[in-house]
Engineer: 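Let me begin by handing over the structure; questions about it come next.
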Amino acid sequence: MTTVENEDTPTKLDFVRSIVAEDGKTGKWDCRVHTRFPPEPNGYLHIGHAKSICLNFGIAEEFQGKCNLRFDDTNPAKEEQEYVDSIIEDVKWLGWDWEERLYFASSYFQQMYDYGLELIKKGKAYVCDLGPEETRNHRGTLTEPGRESPYRNRSVEENLDLFKAMKIGAFADGAKTLKAKIDMAHPNLNMRDPVMYRVLHASHHRTGDDWCIYPLYDWAHGLEDSLEGITHSICTLEFENHRPLYDWFLDALEVHHPQQIEFARLNLTYTLMSKRQLLRLVEKGLVRGWDDPRMPTISGLRRRGYSPAAIRNFCKTIGVNKSNSTVDMALLEHCLRQDLNKTSPRVMAVLNPLKIVITNYPMSQVDELEAINNPEDPDAGSRKISFSRVIYIEREDFMEDPPKRFFRLAPGREVRLRYAYLITCTKVVKDEDGQVTELHCSYDPETRGGNAPDGRRIKATLHWVSAAYALDAEVRLYDHLLANENPGDLDEGEDLSANLNPDSLKVITHCKMEPSLGETEPFCRYQFERLGYFCTDPDSTPSRLVFNRTVTLRDPWAKVQKQEQNQKQSQKS
RNA sequence: UGGGGAAUAGUGUAAUGGCAGCACGACUGACUCUGAAUCAUUUAGUCGAGGUUCGAAUCCUCGUUCCCCAGCCA
């Protein structure tokens, strides 16, 4: 088994790391490892990019190599500075460092142009006058060979003159292209005289109007890698068909030639992972923006309350290979809870309040009780919480007529209030419609702190907030954005909005928070005890608190209820 | 119907001719001042058919299924 010593545990190597390790042994690249993460700034990064980021930066780190952050900004029609800024922020937030190596493909435009001249001089490229449609017609089909362009055999001088004229803007958009002279009968369509440059009079977000020709991916990408001295150029599976062309260009120019390696992109259940689709969600206003907490974008996950550690651990856990697969969202959530459980301070918050009057508790008395901040982390310490005569508990924690598996509060039943007292429900108060409006309970003064001196067993512990000290807050509950577990199954033309989960966002107001939350700041993460992990939204202000539910706690009771509901439904039908 | 890839429990991923393992999920139980966490238990897999071999997920042959490619997008 191939392994690398990583801290104290040996880790199995995926197929990419195996190649890198093998190259290290044979000295193929003088024991250098240099990767790059090359996003196009035409959208926000998502969890699928995180897989690529962790692969590229992770390999560099593990093999004492380097990883560049490089923007592949060769198409001014789609790219914007806003995207550049967000990408930089997101990669940084994930915890990776490219040191001084922040690069842009657009900085290489002159060198690429010079290489273009060189290829023409070698007789391996030509200027073609065929328009887009004619080019397509000449390409042939999957089963039939293409036809050579009538401009294919122009002289080197003529090609040089025309290419230079293209550069200075002598032609209209689409009028001419520079093509590689390869093989119009090649079974791989990418090798049938691919276009290297198009005429495009567009303003670029970095180079402005300096250029009116722009290089295409196949031509540009290998050059970018070569110029930066990349050793392993890692990309996704759909570029496998392009590798012969990647190799052809670099061989033709006889320059540094990295190895392209392809891996399968990430798919997640209930998740759309194409930038095009995500852009549609944003543009149609079906979400609040790229950072909507329901979006699989890095900025969306951050706002939702994900931690970088959770995402990185997820990327490590899913592995890397060449087969298409769809990872269960439950695995992402598992990695999330695993990290949040260790790191999140506990607080008490009541989302759907039910008022309780402790009838035998003195009117003006206040108890200062001690609550542990994080049982998983002794260093997190403790805090004081105030108990008084009127408190709120979760409405779902009381049932007037409880089923047998429900062991929370019910008439005549005794439960524990977390860190406080044992209380017994003595009276249910209702309005005219029969709705429960409040409960009367008695407390046992001997149980201060939550312990019964006689050692009697209490099955349920409830979270609560003291009414006199409670803070009001808005809480946003999220569910899958998509109704369909495999949204990839959608047809291209299918209406996106028809596949959205109508219950993906529920906003609750007038939730009751313990007072320590008054000092919260955006992006602070908490566990609301017994409910889940929550994160302060950037919309939150001291006078108007707003929290996002990141993910619920695992909840067997909710599962039982769901099963019973389903059983009732299937009995009906 | 051309070319390039990929198939291992429900899901993801190891095993590179030598005991099919791990994680998630699901199930059952223990514990519990969070119905969380933790611990224990169970469930369940090599795409198919041949062949080589003492021995095949792995090698060979023939199939099957799925993904990618006909942008002057990346």
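In what follows, chains carry the letters A, B, and so on, assigned in the order in which the sequence lines appear, proteins first and then strands, with residues in each chain numbered from 1. Small disclaimer: the values here were computed from a predicted structure and weren't measured.
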Engineer: Does B/G51 sit syn or anti, given that only angles within 90° of 0 count as syn?
Structural biologist: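 B/G51: anti glycosidic orientation.
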Engineer: Taking the P atom of each, how far is B/U58 from B/A9, in whole Å?
Structural biologist: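 15 Å, rounded to whole Å.
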Engineer: With a 4.0 Å cutoff (strictly under), does any side-chain N or O of A/Lys322 reach OP1 or OP2 of B/C67?
Structural biologist: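 No, outside the criterion.
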Engineer: When you compare the ring of A/Trp557 with the six-membered ring of B/G35's base, are the centres less than 5.5 Å apart and the planes under 30° from each other?
Structural biologist: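 Yes, A/Trp557 stacks on the base of B/G35.
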Engineer: Looking at every strand, decide which applies to A/Phe239 at a 4.0 Å heavy-atom threshold: base, sugar-phosphate, or nothing.
Structural biologist: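 Base contact.
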Engineer: Measure from NE2 on A/His242 to P on B/C69 and round the result to the nearest Å.
Structural biologist: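 Interatomic distance, NE2 of A/His242 to P of B/C69: 8 Å.
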Engineer: Touch check for A/Pro145, heavy atoms < 4.0 angstrom, all strands: base, sugar-phosphate only, or nothing?
Structural biologist: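 No contact.
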Engineer: Does A/Asp193 pair with A/Lys179 as a salt bridge, N-O distance under 4.0 Å?
Structural biologist: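 Judged by the 4.0 Å cut-off on N to carboxylate O distance, A/Asp193 and A/Lys179 do not form a salt bridge.
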Engineer: How is A/Gln527 classified with respect to the nucleic acid when contacts are heavy atoms under 4.0 Å: base, sugar-phosphate, or nothing?
Structural biologist: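 Counting heavy atoms under 4.0 Å across all strands, the contact made by A/Gln527 includes a base.
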Engineer: Ignoring the backbone of A/Leu216, work out which of B/C72, B/G5, B/U11 is nearest its side chain.
Structural biologist: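 Of all the options, the side chain of A/Leu216 is nearest to B/C72.
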Engineer: Does OP1 or OP2 of B/G71 have a side-chain N or O of A/Arg139 closer than 4.0 Å?
Structural biologist: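 Yes, such a contact exists.
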Engineer: Check the distance between B/C72's C1' and A/Arg192's CZ and give it to me in whole angstrom.
Structural biologist: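 The distance from CZ of A/Arg192 to C1' of B/C72 comes to 17 Å, rounded to the nearest Å.
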Engineer: Which part of the nucleic acid does A/Lys179 contact within heavy-atom distance under 4.0 Å: base, sugar-phosphate only, or nothing?
Structural biologist: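 A/Lys179: no heavy atom of the nucleic acid under 4.0 Å.
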Engineer: Ignoring backbone atoms, test whether A/Gln563 places a side-chain nitrogen or oxygen under 4.0 Å from the OP1 or OP2 oxygen of B/C27.
Structural biologist: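 For B/C27, OP1 or OP2 has a side-chain N or O of A/Gln563 closer than 4.0 Å.
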Engineer: By the 4.0 Å heavy-atom rule, please label A/Glu529 as base, sugar-phosphate, or nothing.
Structural biologist: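 Since a base atom lies under 4.0 Å of A/Glu529, the category is base.
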Engineer: Name the one of A/Phe163, A/Tyr197, A/Tyr214 that satisfies ring-ring contact (aromatic ring centres under 6.0 Å, His included) with A/Tyr113?
Structural biologist: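 Testing A/Tyr113 for a ring-ring contact (aromatic ring centres under 6.0 Å, His included) against A/Phe163, A/Tyr197, A/Tyr214 leaves exactly one candidate, A/Phe163.
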Engineer: Is a donor-acceptor pair below 3.5 Å formed from side chain A/Asn241 to base B/G5, judging by atom type as modelled?
Structural biologist: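 Per atom types, no contact qualifies.
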Engineer: Base, sugar-phosphate, or nothing for A/Phe15, non-hydrogen atoms under 4.0 angstrom?
Structural biologist: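 Here A/Phe15 touches no strand at all.
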Engineer: B/G35, OP1 or OP2 - any side-chain N/O from A/Arg530 closer than 4.0 Å?
Structural biologist: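 Yes.
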Engineer: Applying a 4.0 Å non-hydrogen cut-off, can you work out what A/Gly131 is touching in the nucleic acid: base, sugar-phosphate, or nothing?
Structural biologist: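 The answer is base, as A/Gly131 lies within the cut-off (heavy atoms under 4.0 Å) of a base atom.
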Engineer: Please state whether the phosphate of B/A70, meaning OP1 or OP2, lies under 4.0 angstrom from any side-chain nitrogen or oxygen of A/Arg147.
Structural biologist: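 So the side-chain polar atoms of A/Arg147 never come under 4.0 Å of the phosphate oxygens OP1 or OP2 of B/A70.
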Engineer: At under 4.0 Å between heavy atoms, what does A/Pro194 touch on the DNA or RNA strands: base, sugar-phosphate, or nothing?
Structural biologist: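 No contact.
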Engineer: OP1 or OP2 of B/U32 versus the side-chain N and O atoms of A/Lys459: is any pair under 4.0 Å?
Structural biologist: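 A/Lys459 to B/U32 OP1/OP2: no side-chain N or O under 4.0 Å.
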Engineer: Quick one: do A/Glu414 and A/Arg456 satisfy salt bridge (Lys or Arg N to Asp or Glu O under 4.0 Å)? Show the steps, please.
Structural biologist: CA-CA 11 Å; A/Glu414 185 176 52; A/Arg456 65 182 186 270; 2.8 Å; yes
Engineer: Which is true for A/Arg243 with a 4.0 Å heavy-atom rule: it touches a base, it touches only sugar-phosphate, or it touches nothing?
Structural biologist: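 It contacts nothing in the nucleic acid.
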Engineer: Roughly how many Å is it from CZ in A/Arg17 to P in B/U16, rounded to a whole number?
Structural biologist: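 Between P of B/U16 and CZ of A/Arg17: 19 Å.
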Engineer: Pick base, sugar-phosphate or nothing for A/Phe407, based on heavy-atom distances below 4.0 Å to the nucleic acid.
Structural biologist: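 A/Phe407: base contact, heavy atoms under 4.0 Å.
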Engineer: For B/A74, does OP1 or OP2 lie under 4.0 Å from any side-chain N or O of A/Arg198?
Structural biologist: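 It does, given that an N or O in the side chain of A/Arg198 lies less than 4.0 Å from OP1 or OP2 of B/A74.
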Engineer: Assess the side chains of A/Glu262 and A/Thr236: does a donor N or O sit below 3.5 Å from an acceptor N or O?
Structural biologist: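 A/Glu262 vs A/Thr236: no donor-acceptor pair found between side chains.
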